[in-house]
Amino acid sequence: MGDAVGDFDVIVVGGGHAGSEAALASARMGCRTLLLTLSLDTIAQMSCNPAIGGLAKGQMVREIDALGGEMARVIDATGIQFRMLNRGKGPAVHAPRAQADRKLYQLTMKARLEAQPNLVLRQEMVEGLIVKGDRIVGVRTQSGLKYGAKAVILTTGTFLGGLIHMGETKIQGGRIGELAAMSLSKSLRELGFEVARLATCTPPRLNGRTIDYETLEMQPGDEEPVPFSFSTEKITRPQVPCYIAFTNSKTHRLIRENLHRAPFYTGEITSPDPRYCPSIEAKIVRFPEKPSHQLFIEPEGLNTLEVYCNGLFTSLAQDVQDEMIHSIKGLERAQITRYGYAIEYDFVPPQQIKPTLETKPIGGLFHAGQINGTSGYEEAAGQGIIAGINAAKKVRGEEPLILDRSEAYIGVLIDDLVTKGTEEPYRMFTSRAEYRLLLRQDNADRRLMKYGRACGIIDDETWKRLKEKERVIEEVRNYIEKRRIGGRTLAKILRQPEVKFSDLEKEDEALAKMSIPPVVAEAVEIEVKYEGYIQRQLAHMERFKRMEEKAIPEDFDYLTLEHLSTEAREKLSKVRPRSLGQAARISGVTPADIAILMVRLKI
């Protein structure tokens with residue numbers, strides 16, 4: 001592009017969690033990368049809750065870390081409360097979660113982006129895409145500048161056509177007090193993309209000085225915080241508690257009496273109230289029999305008294321929010337520092353992208369994050385690192401990285417989006433993963449670090465630590481499978497439900513002298529105790545992989561198959577699955593349709 005201000009290998013549009021990981025991955029792979037964002041002061045800002053991780057989300061953060069991403073390391077450096085969720089349940093659903101020092105997290109991630117070689121940061125609003133034929137060649141900004149690129153990644157978050165709602169008030173914006181990108185949607189439509197609307201909402205923030213904490217239930221973190229990153233040895237930052245409050249009949253009555261001022265219920269917002277992060281209005285309407293709903297009062301940081309009222313997401317007017325807060329025990333005198341609001345924004349239904357996150361209509365154009373219909377920092381960051389890797393691979397002429405459902409939650413996420421699409425903000429759950437006993441938070445490095453290493457993102461020291469960890473796991477497994485006490489091997493003793501690995505160390509002096517690291521002890525205990533279940537999932541996974549290996553030509557004409565149902569022909573033509581396995585996961589495609597495909601493809 002001869003008239004461009006500068007030509008880059010990869011341009012990332014948007015500086016949120018998806019954009020940050022995408023830009024870092026691309027730059028770390030040696031591509032000259034430009035990140036364009038509406039504000040350099042809000043890079044990686046936590047728009048909603050000041051926390052990273054949680055159920056299924058924590059697993060994804062560890063997967064991002066294993067691939068060479070930054071989110072895990074930044075939360076380890078800025079977290080103020082760490083908890084391993086579901087400790088009382090099986091290892092498949094153990095999930096790390098941490099409260100973040102919101103501002104410190106944002107500043108730390110920004111500093112790491114600024115320090116990254118091959119990466120240029122610039123404050124610009126992108127208004128349009130520049131395309132030649134069916135390939136992206138650059139972007140056009142509001143200031144009239146053009147930037148050329150071999151690949152472009154859109155990570156627009158809620159800024160794409162963003163419209164904020166607080167009761168009767170409507171404001172254009174991507175976040176409260178920030179501009180929205182109002183022209184880019186038009187550019188996407190002109191290029192032939194379907195563009196639709198989604199909505200989500202945030203809760204009010206409160207001045208912690210005005211909260212009666214003595215009447216609330218304290219929720220401390222873990223005594224021994226578990227880091228997110230496999231490269232973090234120990235969490236040393238000060239830890240603070242969260243608190244639990246509850247709505248009551250007065251709160252619920254106030255909400256019911258003011259539903260006519262709630263945009264989700266007046267028709268002002270045409271998108272559905274998000275199912276998996278619902279407004280308090282939706283909870284009251286859907287569950288009228290519940291006398292109360294739990295709220296989490298979460299600190300925003302060590303150097304601020306502001307707290308986040310998790311669970312009180314709302315689109316109600318400001319005066320109603322004041323009354324609602326004051327109806328809650330412990331919050332009777334609480335001052336709202338920032339009102340909650342709902343936001344509607346544009347997204348591009350994700351059946352228009354490939355499993356690589358490259359769009360089908362325009363070569364070299366990638367989408368990641370909320371533009372694909374997801375919600376959550378972790379879902380966005382997971383897509384971001386894959387988009388960054390694949391954009392760099394596209395520039396370098398290499399085969400893309402595609403994680404399948406059997407090897408990563410990120411793979412489940414992308415496959416669900418590409419294959420099934422979404423009509424509401426998509427949120428990851430452990431129940432979405434068929435192989436969740438294999439996709440644990442403790443083994444993300446052993447599953448995925450090989451890919452980060454192959455991309456050149458994982459450094460020598462990190463790779464060496466993984467190899468040593470694997471060596472010690474194998475050594476310990478071999479020892480306990482052979483060592484006997486009272487006629488039974490240590491492995492057989494460990495399979496008893498009440499026995500922990502630490503019990504074996506008390507019984508066997510040689511094992512104790514090995515000074516086995518906790519992460520190794522955890523891995524060995526899980527693998528031994530759940531060996532039967534793991535073997536069954538591995539066998540099922542092999543059958544899954546056989547179906548995934550049965551490729552379908554990209555230009556296959558489904559419309560010529562008369563014996564396929566009309567619905568199957570339409571959906572297969574739209575999704576264009578890359579394998580028989582993916583075709584079988586498309587809603588509306590029956591086993592009979594798959595059998596017809598197999599005959600036609602001679603599989």
Closer than 4.0 angstrom, basic N to acidic O: yes or no for [X] and [Y]?
X	Y	answer
Arg97	Glu378	no
Lys545	Glu549	no
Arg495	Glu531	yes
Glu70	Arg73	yes
Glu468	Arg465	no
Arg446	Glu527	yes
Lys57	Glu379	yes
Arg83	Asp222	no

Minimum-distance pair of heavy atoms, taken over all atoms of [X] and [Y]:
X	Y	result
Cys455	Met29	O-CG, 3.5 Å
Ile136	Ala151	CG2-CA, 4.2 Å
Thr374	Leu417	CG2-CD1, 3.6 Å
Tyr105	Ile75	CE1-N, 3.9 Å
Gln351	Thr419	NE2-O, 3.3 Å
Tyr409	Leu439	CE1-O, 3.1 Å

Please confirm whether the backbone N or O of [Y] pairs with a side-chain atom of [X], one donor and one acceptor, at under 3.5 Å?
X	Y	answer
Thr590	Asp593	yes
Gln582	Pro577	no
Thr202	Cys48	no
Thr108	Val74	no
Glu21	Met71	yes
Arg237	Gln81	no
Arg62	Ala444	no
Lys529	Val499	yes
Glu63	Ile410	yes
Asn86	Val93	yes

Of Glu398, Glu358, Glu399, which is the lone residue that meets salt bridge (charged side-chain N to carboxylate O under 4.0 Å, His left out) with Lys393?
Glu398
Does some side-chain heavy atom of [Y] sit less than 4.5 Å from a side-chain heavy atom of [X]?
X	Y	answer
Leu601	Pro553	yes
Arg28	Gln116	yes
Tyr479	Leu511	yes
Thr33	Asp9	no
Ile80	Gln99	yes
Leu121	Ile43	yes
Gln59	Gln441	yes
Pro227	Phe82	no

Does the side chain of Asn372 come under 3.5 Å of the side chain of Gln383 through a donor N or O and an acceptor N or O?
yes
Can a side-chain donor-acceptor contact be found between Glu407 and Tyr451 if the only test is distance below 3.5 angstrom?
yes
Supply the atom-to-atom distance [X] [atom1] to [Y] [atom2], rounded to the nearest 0.5 angstrom.
X	Y	atom1	atom2	value
Arg488	Ile493	CZ	CD1	4.5 Å
Ile235	Asp76	CD1	CG	4.0 Å
Tyr276	Glu424	OH	CD	5.5 Å
Lys482	Leu490	NZ	CG	13.0 Å
Lys354	Glu554	NZ	CD	5.0 Å
Leu154	Leu365	CG	CG	5.0 Å

If the test is side-chain contact (heavy atoms from CB on, under 4.5 Å), which one of Leu119, Thr37, Ile153 qualifies with Val12?
Ile153
Would [X] and [Y] count as a cation-pi pair here, with the cationic atom under 6.0 angstrom from the ring centre and within 45° of the axis?
X	Y	value
Arg536	Tyr533	yes
Arg440	Tyr530	no
Arg405	Tyr435	no

Worked check of salt bridge (Lys or Arg N to Asp or Glu O under 4.0 Å) between Glu548 and Arg585
CA-CA 11 Å; Glu548 295 302 300; Arg585 293 191 294 276; 2.8 Å; yes
Please test Asn390 against Leu357 for side chain to side chain contact (heavy atoms under 4.5 Å, CB included), starting from the C-alpha separation and ending with a verdict.
CA-CA 8 Å; Asn390 283 332; Leu357 298 182; 5.7 Å; no
Taking it one step at a time, do Tyr377 and Ile52 satisfy side chain to side chain contact (heavy atoms under 4.5 Å, CB included)?
CA-CA 7 Å; Tyr377 311 142; Ile52 294 293; 3.9 Å; yes
Evaluate Arg453 against Asp460 for side chain to side chain contact (heavy atoms under 4.5 Å, CB included), listing each step before the verdict.
CA-CA 9 Å; Arg453 179 67 172 177; Asp460 291 343; 2.9 Å; yes
Does atom CD (Glu223) have a neighbourhood of more than 12 heavy atoms from anything else shown, all under 6.0 Å?
no
Just wondering, are more than 12 heavy atoms of other shown residues or ligands nearer than 6.0 Å to CD in Glu474?
no
Check step by step if side chain to side chain contact (heavy atoms under 4.5 Å, CB included) holds for Ile552 and Arg576.
CA-CA 9 Å; Ile552 301 176; Arg576 307 215 66 80; over 6 Å; no
What verdict does the salt bridge (Lys or Arg N to Asp or Glu O under 4.0 Å) test give for Asp445 and Lys450, after you've listed the backbone C-alpha separation in whole Å, the side-chain angles of each residue and the deciding distance to 0.1 Å?
CA-CA 8 Å; Asp445 54 342; Lys450 59 187 177 185; over 6 Å; no
